[in-house]
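Side-chain atoms are counted along with the backbone in the values below, which use heavy atoms only and exclude waters and symmetry mates. We count ligands from 1, going down the list as the structure has it; atoms in each ligand are counted the same way.
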Amino acid sequence: MAKAPVSEEILKEKFGPHLNYVPHGGWKDESSHPAEKLVKTHCCFCGQQCGIQLKVRENRVIGFEPWEEFPFNRGMLCPKGVKRYLQGNHPDRLLSPLMRSEKGFRPAGWDEALSFTAGRMREIQETHGKDAIAIFGGASLSTEKSYLMGKFARVALGTRHIDYNGRLCMVSAGTAYKLAFGIDRSTIPWSEIPKAEVLFVIGANIGDCAPITTDYVWRCRDNGGKLIVADPRMTPITRNADLYLPLRPGTDLALLMGMLHVILRDGLEDREFIEQYTTGFEAVAESAKQWDLRKVAEMTGVPPEAIEKAARWIGKSKRVIMMHARGLEHQSKGVENCLAVINIALVTGNIGREGAGPTMITGQGNGQGGREHGQKCDQLPGQRSLTDPAAREYVAGVWGIPPEELPQPGYTAQEIMEAIHRGEIKGLLSTCFNPLVSLPDANFTREALSKLEFFGVIDFFLSETAHHADVVLAGSLHEEEDGLGCSAEGRVIHWQKSVDPPGDARCDSDIIIELAHRLGRGQYFPFKNPADILEELRIASRGGIADYYGITYERVDAEMGIFWPCPTLDHPGTPRLFVDRKFYTHDEKAHFNVTEWRPSGDPVSDDYPLFLTTGRVVSQYLSGTQTRRIGALVDQNPEPRAEIHPRLAEQHGINDGDWITLTTRRDDLTIRAMVVKTIRPDTVFMPYHWAGTRSANRLTHRTLDPRSKIPEFKVSACRIVRANGPDPSEDDRAAHHNDASRGDS
Ligand SMILES: Nc1nc2c(c(=O)[nH]1)N[C@H]1C(S)=C(S)[C@@H](COP(=O)(O)OP(=O)(O)OC[C@H]3O[C@@H](n4cnc5c(=O)[nH]c(N)nc54)[C@H](O)[C@@H]3O)O[C@H]1N2
Ligand SMILES: Nc1nc2c(c(=O)[nH]1)N[C@H]1C(S)=C(S)[C@@H](COP(=O)(O)OP(=O)(O)OC[C@H]3O[C@@H](n4cnc5c(=O)[nH]c(N)nc54)[C@H](O)[C@@H]3O)O[C@H]1N2
Ligand code: SF4
Ligand SMILES: [Mo]
């Protein structure tokens with residue numbers, strides 16, 4: 001069993017969270033409850049996709065064992081992975097469909113629930129047109145299910161509007177990497193990280209959010225690599241950084257342009273690489289001229305000497321890995337920020353060779369596989385574009401429909417919510433997404449949900465969003481259905497089915513397939529199981545960028561994962577991209593892109609003088625539907641705390657643990673303060689894993705990056721004031737929200 005919380009804390013404090021490795025999972029009374037089998041599969045939480053063995057007895061997951069042969073994590077797990085097995089038998093698990101009645105939800109049979117769902121969707125489409133129904137998918141779904149969602153929307157419903165929760169996560173990086181390289185995937189496998197001479201981490205809290213990656217970072221340092229971290233907070237890995245750049249939220253582009261300026265000023269660029277393998281350098285070099293160090297230091301709050309040092313280390317090294325995550329990307333210029341990272345990698349020739357390359361740290365469990373095969377609003381399987389006539393013709397051919405029948409691209413996730421709010425979209429079926437907690441400006445989302453004429457949800461827990469549904473279809477956990485996932489590295493892995501869904505719950509894919517049949521489109525969905533879906537996906541992706549034709553469950557099991565692209569059954573897969581310096585663009589070159597500075601959509605002012613930035617803590621996951629239900633994880637982080645610097649605390653007479661009210665231009669809320677020296681004095685950090693009165697997204701704003709359409713979760717303007725604590729009625733509500741079995745309705 002996991003170590004007692006206290007010793008876990010001490011270990012984490014001393015060594016970093018990756019040492020929370022627990023050699024033996026399982027129940028205390030294991031001798032009387034021995035496992036019947038061990039199933040090799042993966043953690044259901046973050047994009048690291050650590051290998052794990054689930055212990056199964058009587059068709060239930062009762063614990064876990066480390067899977068030490070799996071090369072990525074070699075048996076290590078973070079606190080969430082250690083507790084993941086506790087979900088399947090949780091008392092809140094949905095065991096049958098629920099339908100709204102006068103007195104709240106009542107359990108219903110599948111026939112009634114599915115007929116109602118298909119019937120309402122058809123009625124709305126007949127009255128208001130096909131595009132009046134929208135579909136939400138999710139990146140915790142297997143790759144087969146993501147593929148199925150895209151096909152369901154376009155072939156069973158014929159709607160333009162399908163998008164997914166990865167729109168809140170990976171799309172800034174995806175858009176930038178597509179523009180520069182023509183492919184949306186990490187350019188390197190993690191085995192390259194220990195080989196880097198310089199590791200530049202910007203806007204990524206590796207210790208708390210990619211805990212097992214910490215091990216790779218330490219190995220890089222053990223080999224003599226230098227670690228640079230750019231973040232408004234000193235995250236756990238920063239303690240061992242060689243250089244820390246404490247930039248002001250939302251100023252990454254200035255920092256990166258300043259670094260590029262120094263590299264070019266000092267003649268540290270790799271001319272040969274630029275000339276042979278890239279286009280667009282001159283325009284970017286020209287635009288870097290205006291970013292002199294004085295201006296950049298003023299904007300970012302980072303000393304000029306530190307910027308210069310970072311730029312020189314990078315410029316003088318031939319093995320630089322630049323890693324970024326949502327701190328860089330959750331901005332209204334998220335795409336520009338990623339392009340600026342890529343421009344530095346290109347100008348120094350740090351790509352395609354050992355120990356070098358820019359990379360995004362993918363967040364969700366299947367954040368990579370979920371963005372490859374068509375659940376994005378503008379995408380067809382294989383990372384093909386829905387507007388490309390050849391791609392339309394090919395995929396329509398695989399699906400057996402005329403290409404004209406394929407809808408055109410629709411709205412992105414937040415745009416779908418806006419269209420619901422203004423009455424344009426009337427019905428929504430949401431799978432694996434908790435938008436009330438995770439979209440910005442939660443009051444707006446709540447209003448939008450209340451306007452829906454039909455709202456269906458597929459989930460295994462009653463999420464806060466599901467409280468607003470007309471029907472909730474009891475779906476499946478990872479371990480209840482076979483499927484592929486793809487990790488942050490680009491490694492395709494296999495989630496083995498370990499048990500059946502409990503009670504009357506059903507596999508997600510069965511639910512979608514059954515709905516397609518009830519919508520009269522069954523002939524296009526002849527799938528009996530995920531293996532059938534994978535067979536079609538392999539063909540539909542064939543010849544695309546994300547080519548999965550060579551990938552089968554058997555190969556993935558035998559080879560411990562395969563890196564795509566993998567176009568044939570005897571192809572070894574592609575761990576490091578661009579080894580031959582050929583890119584996936586039309587001219588096979590890497591493209592420099594000029595970046596444009598834009599201010600934040602919610603600028604600081606006299607009334608709102610502080611930056612509010614939001615993110616994560618190690619023991620909670622995303623909207624918290626899952627981790628707020630798991631005892632030991634809740635103990636570690638029972639409630640959100642607002643991190644503030646001692647100097648800011650002193651100005652407001654706030655002590656550690658005091659209640660404070662945070663106010664933005666949208667709303668206010670009251671939580672406890674955590675006074676820490678590890679944050680900029682002009683910045684407040686709040687984790688977003690809670691709902692209702694503790695929901696960070698009541699405070700955030702709806703500004704989107706114009707190209708990726710990602711919300712600016714990392715930069716809002718706020719003010720703070722010491723509070724007396726929530727009034728008793730608020731406190732009651734807060735207590736309810738802490739008990740995740742209740743929702744925010
Ligand atoms: N424990 C845990 N792990 C997770 C998740 C989880 O919910 N919990 N979620 C997974 C998912 S889906 C994702 S997307 C990833 C997210 O992983 P990360 O992106 O690493 O996590 P965040 O906390 O969102 O933000 C990262 C860092 O950005 C910093 N930051 C804030 N504003 C700025 C800025 O303007 N510039 C820069 N450079 N940095 C800034 C924050 O201080 C924070 O340290 O984590 C994955 N792993
Ligand atoms: N303020 C602020 N907001 C943010 C962020 C931030 O940093 N700050 N981060 C954003 C990011 S990066 C992300 S990724 C999003 C995530 O936001 P969401 O995707 O809304 O968060 P989840 O908690 O993953 O919600 C998924 C729901 O799907 C269910 N689920 C999980 N797995 C499955 C499955 O296999 N099948 C089915 N049927 N259901 C499943 C869960 O029970 C849960 O209710 O939040 C975003 N919101
Ligand atoms: S690092 Fe991510 S995948 Fe690995 S155990 Fe933790 S949550 Fe699971
Ligand atoms: Mo994410």
Whether Asp682 and Arg248 form a salt bridge (side-chain N of Lys/Arg under 4.0 Å from carboxylate O of Asp/Glu) is what I want to check. yes
List ligand 2 atoms under 4.0 Å from [X], heavy atoms only on the residue side.
X      : answer
Ser463 : 44 (O)
Thr625 : 42 (O), 43 (C), 44 (O)
Asp508 : 34 (C), 35 (O), 36 (N), 37 (C), 38 (N)
Ser476 : 34 (C), 35 (O), 36 (N)

Of the side chain and backbone of Ala466, name the one, both, or neither that has a heavy atom under 4.0 Å from an atom of ligand 2. neither
Tell me whether Asp459 has any N or O atom under 3.5 angstrom from an N or O of ligand 2. yes
Please determine if Ala696 has a nitrogen or oxygen closer than 3.5 Å to a nitrogen or oxygen of ligand 2. no
Under 3.5 Å, is there a donor-acceptor pair between the side chain of Asp184 and the main chain of Tyr177? no
Between Asp252 (side chain only) and Asn337 (backbone N and O only), is there a donor and an acceptor less than 3.5 Å apart? no
Knowing that exactly one of Val201, Leu199, Ile342, Val341 qualifies, which makes a side-chain contact (heavy atoms from CB on, under 4.5 Å) with Met322? Val341
Considering the options Gln49, His42, Gln48, which one meets the side-chain contact (heavy atoms from CB on, under 4.5 Å) requirement together with Ser487? Gln49
Considering residues at least two apart in sequence or located in another chain, which fulfil the ring-ring contact (aromatic ring centres under 6.0 Å, His included) criterion with Phe200? none
Counting the benzene-type ring for Trp, do Phe685 and Phe611 have ring centres under 6.0 Å apart? no
Once rounded to the nearest 0.5 Å, what's the spacing between atom CZ of Arg326 and atom CD1 of Ile710? 7.0 Å
Could you grab the distance from atom CG of Leu247 to atom CG of Leu256, nearest 0.5 Å is fine? 8.5 Å
Sub-4.0 Å heavy-atom environment of ligand 1, residues by chain: Cys46, Lys80, Cys169, Ile202, Gly203, Ala204, Asn205, Asp208, Cys209, Ala230, Asp231, Pro232, Arg233, Thr235, Leu247, Pro249, Gly250, Asp252, Ala325, Arg326, Gly327, Gln331, Gly363, Gln364, Thr613, Gly615, Arg616, Val617, Val618, Gln620, Tyr621, Leu622, His689, Lys714
